[in-house]
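Report on the following structure.
Owing to the predicted nature of the structure, the values given are computational and were not obtained by experimental measurement.
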Amino acid sequence: TAVPLPAFALVGFLMLSSIAVLYILVALGGRHGHANRGSRTHHQSILYFNKIAKLSPGEWKSIFDDPVALQDSLCESYIGEAHDLAERVRAK
């Protein structure tokens, strides 16, 4: 028995759609590859939750006690995150 053309078209469409979804997931995926390993000294950025989650509420509040130190820490975090972003874009 011959398989009708619409069945082939449906299978082809589903396969290509699956491949497209995989490409999108890889493109939008998180850090992977060599861009996040070792090229930058890993400063613990206070911009993102990983650093915040490691601190107690008192430690987190104490960061805001010294405005000069806070500004220096934020500046270092912005510079580090901008560099990290540039490395990830270059790696993709």
Side-chain angles (χ1 to χ4, degrees):
T1 64
V3 179
L5 183 61
F8 278 123
L10 178 63
V11 169
F13 172 76
L14 292 175
M15 288 176 58
L16 291 175
S17 296
S18 298
I19 292 170
V21 168
L22 287 174
Y23 279 134
I24 291 170
L25 290 176
V26 168
L28 295 177
R31 298 173 167 177
H32 56 283
H34 64 281
N36 64 331
R37 289 189 173 87
S39 57
R40 170 170 74 96
T41 57
H42 288 287
H43 167 70
Q44 291 293 317
S45 173
I46 63 171
L47 300 175
Y48 295 102
F49 71 94
N50 285 333
K51 166 72 184 244
I52 298 167
K54 293 177 183 177
L55 300 175
S56 71
E59 290 171 325
W60 176 242
K61 288 178 185 176
S62 70
I63 291 175
F64 299 94
D65 290 342
D66 183 5
V68 175
L70 176 62
Q71 183 175 359
D72 291 343
S73 180
L74 282 172
C75 184
E76 188 174 333
S77 292
Y78 286 131
I79 292 169
E81 295 301 331
H83 185 263
D84 187 46
L85 178 63
E87 284 183 337
R88 287 188 283 151
V89 168
R90 181 179 50 104
K92 289 204 179 230

Listed partners of D66 passing side chain to side chain contact (heavy atoms under 4.5 Å, CB included), at least two apart: V68, A69
Connected via hydrophobic side-chain network under 4.5 Å: L85 and L74: no
Exercise: identify the closest heavy-atom pair between E59 and K54: OE1-O, 4.3 Å
Residue list, ring-ring contact (aromatic ring centres under 6.0 Å, His included) with F64, at least two apart or on another chain: W60
Show me the side-chain donor-acceptor pairs of residues 19-28 shorter than 3.5 Å, one per line, residues at least two apart or across chains.
none

Check: E87 and D84 side chains under 4.5 Å, non-hydrogen atoms: yes
Pairs under 3.5 angstrom only: tabulate donor-acceptor contacts from the side chains of residues 3-11 to other protein residues two or more places apart or in another chain.
none

Nearest-0.5 Å distance, CG of residue L70 to SG of residue C75: 11.5 Å
Separation between CD of E76 and CD of E81, rounded to the nearest 0.5 Å: 11.0 Å
